[in-house]
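The structure appears right after this line, and notes come after that.
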4 protein chains.
Amino acid sequence: MATAGTSETAVNGSRDEEKATVSFGRDQLKAFIERIERLEEEKKALGDDIRDVYAEAKGTGFDVKALRAIVRMRKQDLNERKEQEALIETYMHALGMLN
Amino acid sequence: MATAGTSETAVNGSRDEEKATVSFGRDQLKAFIERIERLEEEKKALGDDIRDVYAEAKGTGFDVKALRAIVRMRKQDLNERKEQEALIETYMHALGMLN
Amino acid sequence: MATAGTSETAVNGSRDEEKATVSFGRDQLKAFIERIERLEEEKKALGDDIRDVYAEAKGTGFDVKALRAIVRMRKQDLNERKEQEALIETYMHALGMLN
Amino acid sequence: MATAGTSETAVNGSRDEEKATVSFGRDQLKAFIERIERLEEEKKALGDDIRDVYAEAKGTGFDVKALRAIVRMRKQDLNERKEQEALIETYMHALGMLN
DNA sequence: GGAACATCACCGTGTC
DNA sequence: GACACGGTGATGTTCC
């Protein structure tokens with residue numbers, strides 16, 4: 001199949017058909033771009049909301065960095081977390097940072 | 001102000017008040033965490049939607065990498081315009097034309 | 001003192017003096033910019049070197065994420081680290097993530 | 001491949017070989033950490049140098065914010081040029097003019 | 001599974 | 001000295 005949005009000359013087909021195809025490709029492209037941009041705006045808005053919540057929590061005395069750590073850990077699988085911590089301990093031990 | 005979530009003994013106030021404060025801190029913490037997690041879920045869902053749109057566009061023959069480039073550039077253009085404006089402000093300030 | 005690089009007309013002084021001042025300002029600006037850019041290049045190069053070392057370590061079987069954690073911890077003051085961890089534990093406890 | 005730093009028992013090989021391997025792992029780990037820390041020190045020193053240059057420029061009357069803006073823009077110009085070239089490649093690819 | 005890319009969090013700096 | 005911003009580094013994701 002031809003790549004959408006390209007302007008390679010069709011071997012067969014009338015000029016009108018080609019024009020219609022190209023136009024359609026352009027409209028389609030525009031539609032996709034707009035859908036994406038719309039979604040990204042909403043996504044950004046949510047990101048801003050999250051920032052605001054952290055800010056609000058900070059305003060009531062919570063430590064943002066620690067909050068983020070909590071959220072991160074809750075997202076993480078328990079086993080993963082333990083494995084990672086064990087590995088770090090191993091390295092620390094090798095470096096004499098423990099004991 | 002004291003850091004929320006710590007349990008240092010208040011100089012004044014009954015034990016009950018303290019308990020209530022700690023409990024309230026806990027509830028507040030839960031509330032913040034849950035709000036954040038809720039928002040992050042929605043954000044993730046939007047990310048997935050965006051993915052889907054790209055996938056759909058790809059399915060109709062568009063080149064995803066090029067699409068991403070277009071979206072990126074349109075975003076950069078906006079940013080740059082804002083940056084330019086901010087820069088003009090800065091220069092005007094440096095030249096003593098503001099303030 | 002006048003702001004360097006600005007072109008406000010000096011109240012006293014010949015046009016030649018002014019021209020010389022402006023030129024000097026320009027040269028000086030150029031010099032500063034170049035010094036900064038030179039230093040930033042070197043800084044970037046070191047950043048790249050660090051990346052390379054991590055990559056090499058990874059190539060010999062080390063876990064990069066854990067290595068980074070180690071480096072971070074060695075940089076951090078011991079007390080700081082403990083405080084942060086204690087705070088996180090407090091939050092985790094409040095959320096029933098411990099016990 | 002086994003993760004470096006773990007101490008899983010080798011299926012073959014004497015205990016001595018294993019010990020040697022572990023020790024080597026430790027030495028290797030130390031070496032990597034130290035290389036990284038050394039590089040980070042140098043990097044930090046350069047960061048300090050840059051700060052000093054800005055401070056010096058400020059001392060001779062330049063507006064630091066404006067200076068930073070200039071440096072930033074010059075960097076962006078470079079990046080953009082590279083981005084443009086990459087973009088052209090992408091488009092050519094999308095149009096089937098490459099490959 | 002590795003490389004490139006986009007996003008995100010952290011930190012240093014400047015400001016008020 | 002707290003807040004805001006910009007720069008930088010790290011993480012997670014996508015593509016090959």
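Computation of the quantities below employed the complete heavy-atom set of this structure, encompassing side-chain atoms and omitting hydrogens, waters and symmetry-equivalent molecules. In what follows, chains carry the letters A, B, and so on, assigned in the order in which the sequence lines appear, proteins first and then strands, with residues in each chain numbered from 1.
- Hydrophobic clustering, with ILVMFWY side chains joined whenever heavy atoms are under 4.5 angstrom apart, groups B:F32 together with C:M97.
- As rounded to whole Å, 11 Å separates atom P of E:dC11 from atom CG of A:D63.
- Using a 4.0 Å cut-off between charged side-chain N and carboxylate O, D:K44 and D:E40 make no salt bridge.
- Ion pairing between C:R15 and C:E18 holds under the 4.0 Å rule for side-chain N and carboxylate O.
- Regarding D:E89, its CD atom lies at a distance of 12 Å from the P atom of E:dC5, rounded to whole Å.
- Note that CZ of B:R74 and CD of A:E34 are 7.0 Å apart. Values are rounded to the nearest 0.5 Å.
- In this structure, D:K75 reaches the F:dT8 phosphate: one of its side-chain N or O atoms is under 4.0 Å from OP1 or OP2.
- Taken together through direct or relayed side-chain contacts under 4.5 Å among Ile, Leu, Val, Met, Phe, Trp and Tyr, B:I33 and A:V64 form part of one hydrophobic cluster.
- Rounded to whole angstrom, the span from the CG atom of D:N79 across to the P atom of E:dA6 amounts to 13 Å.
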What string of B, S and - do you get for nucleotides 10-16 of chain F, 5' to 3', when a contact is any protein heavy atom under 4.0 Å?
SS--SS-
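- A salt bridge links B:R35 and A:E56; the closest N-O separation between the charged side-chain nitrogens and carboxylate oxygens is under 4.0 Å.
- Whole-Å rounding puts the B:I70 CD1 to E:dA6 P distance at 13 Å.
- Of the two residues contacting DNA chain F, namely C:G47 and B:E83, the nearest-nucleotide position lying further toward the 5' end is that of B:E83.
- Per the geometry, CG belonging to D:D49 stands 16 Å off P belonging to E:dG12, to the nearest Å.
- Rounded to whole Å, atom P of F:dG6 lies 16 Å from atom NZ of C:K43.
- To the nearest angstrom, C1' of E:dT7 lies 17 Å from CD1 of A:I36.
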